[in-house]
Each structure stands twice: as structure tokens, then as C-alpha cells.
Amino acid sequence: NNKKEQYAELVSFFDSQEVRAEIEQVIKSEDPHAFTESGVIKKYDLDYDSMGVRTGRSIRVLINDDSSVYIGVKYIFVNNRWEMSVLVSSYELQKLLETKE
């Protein structure tokens, strides 16, 4: 049962407005026109199957329904709060963004 509780807690953490707003901010910093007609990034989804808790909380953010195009996000607990600390973008996402420049 502990695993189920941990999973539910992670889902509610990553699904919170605060975390989603931060993720959207990151996406818009990569693609200023994200979520618009002229943007390269049209949508994102959280890949709940990729959640991890080893040295913080991590998740993969899938871009445009393509599992090879993603941003990996990791949060660590600092000063009594969760802070985004690591961002990794897939090679495919980098290529996609370069074609738009």
C-alpha cells in the first residue's frame, strides 16, 4: 500500500498548479511561442510512468505526444520547499527547436 500512497503523492505533486506553472515557464523559455500556432511545442503531458524518487522527485515531460521529444525535470527539497534543480531536454527536442530558429 505504501507504493500506492507514494505514487498518489507524486502524481498530486507534479499535477499541482505550482509545478505545472514552472514546467510551462521552462517550456516557454525554450520556445517563446509554445502552445500557439507559431510555436514548435504545441502541448505537453506528464509521463507518470517515468516518476522517480531516488534523490528528489523527477518526471519526464512529453512534448507533442512524442516519447522521444521530452524534458526531464527533477525537484530537490531545499530550505523546506521543493525546488526545480535539474532539467534535461532530449536531443530530438533540441533538434526540433533548432529547426524553428
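- A continuous path of Ile, Leu, Val, Met, Phe, Trp and Tyr side chains, each step under 4.5 Å between heavy atoms, connects V11 with V53, placing both in one hydrophobic cluster.
- The distance from atom CG of L93 to atom CG of L97, rounded to the nearest 0.5 Å, is 4.5 Å.
- Among V61, V19, L62, the one residue that satisfies the side chain to side chain contact (heavy atoms under 4.5 Å, CB included) test with L46 is V61.
- With hydrogens and angles ignored, the 3.5 Å screen pairs a side-chain donor or acceptor of D31 with a backbone N or O of I41.
- Side-chain contact between V40 and N64 is absent, with no heavy-atom pair separated by less than 4.5 Å.
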Enumerate donor-acceptor pairs with a distance under 3.5 Å from any side-chain N or O in residues 67-77 to protein atoms, sequence neighbours excluded.
unit_1: S68; atom_1: OG; unit_2: D66; atom_2: OD1; d: 2.8
unit_1: K74; atom_1: NZ; unit_2: T55; atom_2: OG1; d: 2.4
unit_1: Y75; atom_1: OH; unit_2: E22; atom_2: OE1; d: 2.5

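- The shortest distance between side-chain heavy atoms of E24 and Y44 falls below 4.5 Å.
- Dense packing is recorded around CD of E5, with more than 12 heavy atoms of other residues, nucleotides or ligands lying under 6.0 Å away.
- Taken together through direct or relayed side-chain contacts under 4.5 Å among Ile, Leu, Val, Met, Phe, Trp and Tyr, V88 and M51 form parts of separate hydrophobic clusters.
- For the atom pair E30 CD and S89 OG, the distance stands at 5.0 Å (nearest 0.5 Å).
- Residues satisfying the side chain to side chain donor-acceptor pair (under 3.5 Å) criterion with Y7, sequence neighbours excluded, are absent altogether.
- In this structure, R57 forms a cation-pi arrangement with F13, its terminal cationic atom sitting closer than 6.0 Å to the ring centre and no more than 45° off the ring axis.
- With hydrogens and angles disregarded, a donor-acceptor distance shorter than 3.5 Å links the side chain of K42 to the backbone of T36.
- Once rounded to the nearest 0.5 Å, the distance linking CD1 of I59 with CZ of F14 reads 5.0 Å.
- At a cut-off of 3.5 Å, with distance as the only test, a side-chain donor of D15 or Y48 sits close to an acceptor on the other residue.
- Atom CZ of residue R60 and atom CG of residue D45 lie 13.5 Å apart, to the nearest 0.5 angstrom.
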